[in-house]
Trainee: 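Handing you a structure now.
Remember, predicted model here, so these are calculated numbers, not experimental data. Convention: sequence-line order gives letters A, B, ...; per-chain numbering from 1.
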Amino acid sequence: MSTSDLSVKVGELTFANPIMPASGTFSEDLSDVFDLDVLGAHVLKTIMHGKRAGNPTPRVCDLQGGMLNAIGIPSKGIDDFRDRMLPYWSDYKAPLVVSISAHSMDEFARLAAEVSLPGVAAIEANISCPNIEADGNAFAMRPDTTAEVMRRLRAETDLPLWAKLTPNTGEPVAVALAAEAEGADAIVTANTALGMSIDVRTRQPRLGNVMGGMSGPAVKPIALRMTYQCAHACRVPVIGCGGIATLDDVLEFLIAGAAAVQVGTATFQSPTVMARLIAELSDWMQAQGVTSLGEIIGSVQIPGGEAA
Amino acid sequence: MSTSDLSVKVGELTFANPIMPASGTFSEDLSDVFDLDVLGAHVLKTIMHGKRAGNPTPRVCDLQGGMLNAIGIPSKGIDDFRDRMLPYWSDYKAPLVVSISAHSMDEFARLAAEVSLPGVAAIEANISCPNIEADGNAFAMRPDTTAEVMRRLRAETDLPLWAKLTPNTGEPVAVALAAEAEGADAIVTANTALGMSIDVRTRQPRLGNVMGGMSGPAVKPIALRMTYQCAHACRVPVIGCGGIATLDDVLEFLIAGAAAVQVGTATFQSPTVMARLIAELSDWMQAQGVTSLGEIIGSVQIPGGEAA
Amino acid sequence: MTLIPSILSVPPSPGVTARCAEARAIVLSNMPVNGEYRLLTLDAPAEVLDCAPGQFFQLLCPVPEGEHPFLRRPMSIYGYDAHAEQLQFLYKIAGAGTRGLATLRAGDTLNVLGPLGQGFTMPDAWQNLMLVARGVGLATLAPLARMAQQQGRSLTAICSARSPELAMSVDLFRSYGAEVIVVHDEDGSSEVPALEALIEARIAAGSVDAFYTCGSRRLLTMLQRLGQKHGIPGEIAMEQQMACGLGMCQACVRPFREGNEVVHRRVCREGPVFPISEAIA
Amino acid sequence: MTLIPSILSVPPSPGVTARCAEARAIVLSNMPVNGEYRLLTLDAPAEVLDCAPGQFFQLLCPVPEGEHPFLRRPMSIYGYDAHAEQLQFLYKIAGAGTRGLATLRAGDTLNVLGPLGQGFTMPDAWQNLMLVARGVGLATLAPLARMAQQQGRSLTAICSARSPELAMSVDLFRSYGAEVIVVHDEDGSSEVPALEALIEARIAAGSVDAFYTCGSRRLLTMLQRLGQKHGIPGEIAMEQQMACGLGMCQACVRPFREGNEVVHRRVCREGPVFPISEAIA
Ligand SMILES: Cc1cc2nc3c(=O)[nH]c(=O)nc-3n(C[C@H](O)[C@H](O)[C@H](O)COP(=O)(O)OP(=O)(O)OC[C@H]3O[C@@H](n4cnc5c(N)ncnc54)[C@H](O)[C@@H]3O)c2cc1C
Ligand SMILES: Cc1cc2nc3c(=O)[nH]c(=O)nc-3n(C[C@H](O)[C@H](O)[C@H](O)COP(=O)(O)OP(=O)(O)OC[C@H]3O[C@@H](n4cnc5c(N)ncnc54)[C@H](O)[C@@H]3O)c2cc1C
Ligand SMILES: Cc1cc2nc3c(=O)[nH]c(=O)nc-3n(C[C@H](O)[C@H](O)[C@H](O)COP(=O)(O)O)c2cc1C
Ligand SMILES: Cc1cc2nc3c(=O)[nH]c(=O)nc-3n(C[C@H](O)[C@H](O)[C@H](O)COP(=O)(O)O)c2cc1C
Ligand code: FES
Ligand code: FES
């Protein structure tokens with residue numbers, strides 16, 4: 001029996017399949033549960049240059065159809081990455097994507113240079129974390145700051161560079177185009193949506209940090225919309241992310257135009273979900289007679305041609 | 001037995017209770033199910049000046065924890081409002097809030113003047129409908145366009161004027177402050193979030209209009225966050241709206257700072273929900289010994305004082 | 001479904017008997033019929049049982065494992081009996097909502113909203129009725145047979161199906177005194193030319209005053225053609241995606257001919273039953 | 001809960017026996033104990049039963065009507081028996097998740113993830129053990145009693161409760177040969193001064209090599225004070241809001257003393273059991 005070809009190309013990189021974890025929802029600890037080499041790629045939790053503690057607890061709370069988090073970016077810093085994490089991940093075949101972030105353009109650029117090491121396949125620029133600056137501010141909120149930070153990063157690394165967008169901006173397409181213009185090799189749509197939840201008994205916010213990022217199935221329609229918008233506006237590939245939990249979700253993002261997908265919160269509900277999605281996608285392709293994912297990606301049928 | 005005082009003040013207006021419908025999810029048809037005079041206010045579907053057909057079908061689809069709509073604003077125009085709707089609603093004691101919208105500032109201003117009629121208690125300016133312009137564009141996406149349209153509306157009417165915001169903007173607080181500066185008497189947070197859904201079997205968008213507005217419990221954390229942000233930034237009252245379905249939801253918005261709330265999508269799941277929420281709120285106040293909602297509104301406890 | 005409301009009594013509109021209500025019904029049975037369909041029988045309160053044939057309910061479907069129907073699902077009334085406090089729906093499993101319905105077992109509760117919409121009319125001039133429908137559409141037309149019998153009309157029911165065994169409601173129609181003609185795909189009798197010839201023959205015999213039909217574009221176009229040619233009026237029950245089911249949201253509109261204009265009408269409120277002549281296929 | 005995954009077999013890490021697994025367990029019983037607590041007994045596959053006292057599981061709780069627990073809920077292992085393929089949790093109904101657990105009936109399935117975290121240690125030098133806990137904390141410490149008996153240690157269990165009848169696990173501790181002392185609020189014996197005097201007397205009698213405790217700030221502070229004064233080590237099981245339960249998300253950190261530094265450790269990974277001396281109340 002011939003097995004289907006699940007491989008996808010994201011720019012210059014080829015992944016054995018389109019399923020990879022979303023930054024911050026994955027670590028070596030998941031190898032307790034299944035062989036991480038089945039994944040299309042490994043995307044690490046965002047690192048920042050120095051050591052950081054992250055936000056006050058409680059850092060998570062659950063919602064109808066999703067969760068809020070305000071983890072912040074607790075980081076052991078660049079040294080820990082180079083000396084401990086990189087060697088660990090180098091033992092896997094799956095390509096390694098390193099997510100980085102910083103408060104300032106200078107620090108961001110320096111970090112991009114520092115993580116451009118053998119064994120790193122791509123850099124994901126987390127220009128969209130709602131938990132670093134007050135009120136969800138981030139470089140990816142505006143095209144101009146996006147352009148500037150991407151230009152600085154591009155100058156520092158020859159590795160494929162991905163820009164991770166935020167659903168909190170009012171101009172996602174302009175932000176994506178700004179990132180592309182300044183050399184982004186892929187766009188990731190998207191990070192978490194800024195939200196809040198209050199415990200009505202204590203009248204306190206349910207997160208120590210008051211506001212936090214919403215993820216899970218509840219944000220899927222927003223992330224899918226951004227994926228569709230960006231895939232139609234950009235020449236570079238788009239990687240879908242937000243609320244993906246089932247095979248239908250994966251297909252929905254691929255059909256909307258995603259070249260690959262990232263799975264985050266679903267792993268918290270079911271740590272085996274990514275391995276299962278790969279198996280289910282393969283079975284589905286075989287059952288449908290789909291030989292390559294190129295037949296699926298971007299195949300959305302818009303009534304009367306393009307959307308308004 | 002003394003009954004609790006559920007009344008709330010929104011600017012100069014006093015409502016018998018804080019529960020009112022959200023625009024577009026309410027009409028005289030609901031009187032088939034319960035006495036609409038129990039409501040704090042009546043908020044009508046947005047009207048535009050002329051006759052309009054609205055968007056192609058399917059106009060709705062359901063999601064995990066919510067729905068998408070791309071109704072558009074089918075409108076019978078100003079004449080129908082004046083000659084048929086206004087007389088109908090004038091028979092009720094509950095104050096009438098008329099939602100208006102337009103493509104151009106001129107048309108918007110003219111409509112504000114035209115609906116400023118006896119029997120109308122307030123005008124809600126729908127500057128945030130994601131279904132009128134392509135890609136969810138709306139005046140409330142930016143502070144400058146918000147300021148301009150509110151200035152024009154303010155010049156045309158002496159009625160209390162509410163500005164309905166959109167979660168699709170990256171700068172909700174700046175938009176709210178712009179509306180307030182130009183004379184808005186209240187801020188409504190918020191309209192629907194732009195989303196998309198694809199039927200993976202047909203590969204077609206599940207809405208005729210491709211993208212649409214997401215509502216229901218899935219958007220609640222975003223709307224609550226905006227309500228909190230705006231209530232803390234603005235002097236004028238804020239009316240919460242987005243995903244409210246239960247008594248806890250009502251309390252959550254009031255605690256976050258809302259002076260009143262609007263209930264939309266929940267009415268589709270349970271047409272009696274608003275009447276039930278009023279009864280439950282009254283029972284809750286009595287059980288808790290809360291004599292006035294002033295004790296609840298804005299009572300959120302932020303650890304260490306204000307949020308970052 | 002994400003909110004399962006506990007229905008409190010809410011104040012009725014003054015001086016008005018509520019036209020419809022949200023109520024909790026108890027499942028009496030939920031049985032497969034015919035392989036593709038299921039018959040759901042509910043014990044429902046009298047307040048929701050003042051129904052007319054052609055009206056529908058909005059059902060808050062239970063959540064099947066791993067799926068999330070959120071909106072209510074519209075279902076035509078298949079049977080109702082105010083005396084026995086019973087309400088029936090005949091449904092086909094299509095997706096999440098109807099898969100949820102299929103999980104219901106005797107004793108479970110189901111939140112129903114109805115009766116909704118405008119049912120079929122039966123003016124005195126319509127003495128000889130012809131009903132033409134297919135599949136689940138026959139469920140929608142079933143209560144019409146009882147109405148016809150009660151009002152002393154003669155009814156011919158043309159039941160279309162993939163194969164003779166799959167024709168729905170045949171026995172039910174017969175029990176209300178209807179003449180039943182089964183047409184099906186296997187012998188081609190369900191195809192439009194064959195069907196049209198059959199009906200033309202009936203018309204020629206002078207025995208058709210009005211048509212009733214449901215859903216299918218193909219049947220609608222044919223009946224519009226026949227109706228125009230012979231001056232035979234009729235009614236059709238139509239479908240559209242719904243949210244509120246009450247007329248509030250404007251989700252469920254369809255275009256209709258009104259003189260020379262095309263107007264939008266709400267399937268849930270002005271319909272689901274419309275004049276065949278005004279419907280647009 | 002919004003996704004009830006059907007667990008397919010997934011590839012294990014090469015050369016590694018999975019430390020934990022996501023598995024489908026079958027409910028054998030789910031019974032009220034003591035008014036406030038419930039005991040859930042599961043038939044669980046062997047792959048999740050290589051447990052140690054102090055470890056926990058993440059349970060994907062069923063959805064109770066009108067509520068929506070989304071994340072898994074952490075629960076200490078109350079009992080486990082690899083031979084009988086049984087797993088037990090003792091829980092208190094606190095909110096949506098535990099209300100969901102309470103709906104489980106014999107024969108239902110429950111998706112469990114575990115065993116997770118680091119359990120209690122029992123170095124050879126610790127021969128005379130004293131366990132002090134309250135409420136649901138006693139559930140977490142229950143399997144320790146069996147471990148103590150198996151390893152031939154002497155165990156004194158001080159069970160604190162609101163009233164004597166509400167003291168948890170007393171019979172269980174006794175069945176594993178522990179001496180049980182019940183202290184309670186009604187006679188004030190559970191208050192810190194009384195408790196501290198009681199434990200001081202035991203220490204004076206030379207019969208405490210190590211403490212085990214759980215959760216409560218008050219007890220922790222007291223045991224830290226006593227431990228420091230008398231050089232008695234010990235372990236505490238701690239709680240924190242969790243998302244993944246596996247160490248991936250950094251949700252569940254707490255501050256700990258490490259020499260002169262304060263460091264964050266993950267309750268789900270480095271814990272939930274930590275040295276009493278390093279914990280910060
Ligand atoms: C007035 C009316 C009466 C109906 N009567 C019956 C009946 O008696 N028996 C029966 O089996 N079916 C009937 N239908 C169709 C029935 O409503 C759909 O089959 C059902 O909603 C499908 O829901 P689902 O979740 O199982 O399928 P899905 O395809 O997953 O549904 C997705 C969404 O599309 C909507 N939808 C799907 N099909 C239709 C449709 N044909 N019309 C309107 N909305 C649809 C659903 O309500 C839901 O919101 C009727 C529809 C209408 C409008
Ligand atoms: C390692 C560990 C072991 C535990 N063992 C037990 C046990 O054996 N028996 C028992 O009854 N309880 C135990 N708890 C507490 C139990 O996890 C919570 O009572 C439960 O999660 C409450 O969920 P809920 O939805 O019913 O309540 P809610 O208050 O509605 O929960 C809301 C959220 O807060 C979290 N949460 C609430 N209380 C706690 C808590 N104390 N610790 C961490 N997160 C919490 C929930 O997981 C959920 O995400 C343990 C907690 C931890 C961390
Ligand atoms: C607990 C948690 C931590 C996260 N940390 C990061 C992070 O460090 N960097 C980042 O770019 N995104 C982070 N994210 C966002 C996810 O990568 C992802 O964009 C988002 O959760 C939406 O996908 P999902 O719905 O599949 O989770 C985090 C999300 C969660 C839930
Ligand atoms: C079907 C539908 C139609 C709507 N039409 C309008 C409208 O005409 N004008 C408007 O300001 N908001 C409109 N809205 C948005 C609602 O008023 C409300 O802001 C939004 O749905 C969020 O609240 P909810 O989650 O309670 O529904 C509409 C929403 C829905 C679901
Ligand atoms: S479904 Fe809302 S108007 Fe018909
Ligand atoms: S719960 Fe995720 S790291 Fe502990």
Trainee: For C:G117, does its backbone N or O pair with a side-chain atom of C:Q55 as donor and acceptor, under 3.5 Å?
Mentor: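 Between the backbone of C:G117 and the side chain of C:Q55 there is a qualifying donor-acceptor contact (under 3.5 Å).
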Trainee: Please state whether the side chain, the backbone, both or neither of C:Q58 comes within less than 4.5 Å of a heavy atom of chain B.
Mentor: neither
Trainee: Could you tell me which portion of B:P74 (side chain, backbone, both or neither) has an atom closer than 4.5 angstrom to a non-hydrogen atom of chain C?
Mentor: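 Contact with chain C is through the side chain of B:P74 alone.
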Trainee: Got a sec: does the CG of B:D248 have more than 12 other heavy atoms crowding it under 6.0 Å?
Mentor: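 Enclosed.
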Trainee: When you check the gap from the basic side-chain N to the acidic O, do C:D185 and C:R134 get nearer than 4.0 Å?
Mentor: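 Salt bridge between C:D185 and C:R134, a charged N being under 4.0 Å from a carboxylate O: yes.
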Trainee: Is C:V253 close to chain B through its backbone or its side chain, or both, or neither, when contacts mean heavy atoms under 4.5 Å?
Mentor: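 Its backbone and side chain both get close to chain B.
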Trainee: Ion pair present between C:R73 and B:D62, side-chain N to carboxylate O less than 4.0 angstrom?
Mentor: yes
Trainee: In terms of heavy-atom proximity below 4.5 Å to chain B, should C:L246 be classed as side chain, backbone, both, or neither?
Mentor: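 For C:L246, backbone and side chain are both near chain B.
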Trainee: Check each atom of C:R254 against the heavy atoms of chain B and say whether the ones under 4.5 Å are side chain, backbone, both or neither.
Mentor: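 For C:R254, neither part sits under 4.5 Å from chain B.
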Trainee: For chain B, find which of C:A96, C:G97, C:C252, C:C249 contributes the most heavy-atom pairs closer than 4.5 angstrom.
Mentor: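 When all of C:A96, C:G97, C:C252, C:C249 are compared, C:C249 has the most.
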Trainee: Give the ring-plane orientation class for B:F26 versus B:W89, where under 30° counts as parallel, over 60° as perpendicular and anything between as tilted.
Mentor: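 The arrangement is tilted - the two ring planes meet at 30° to 60°.
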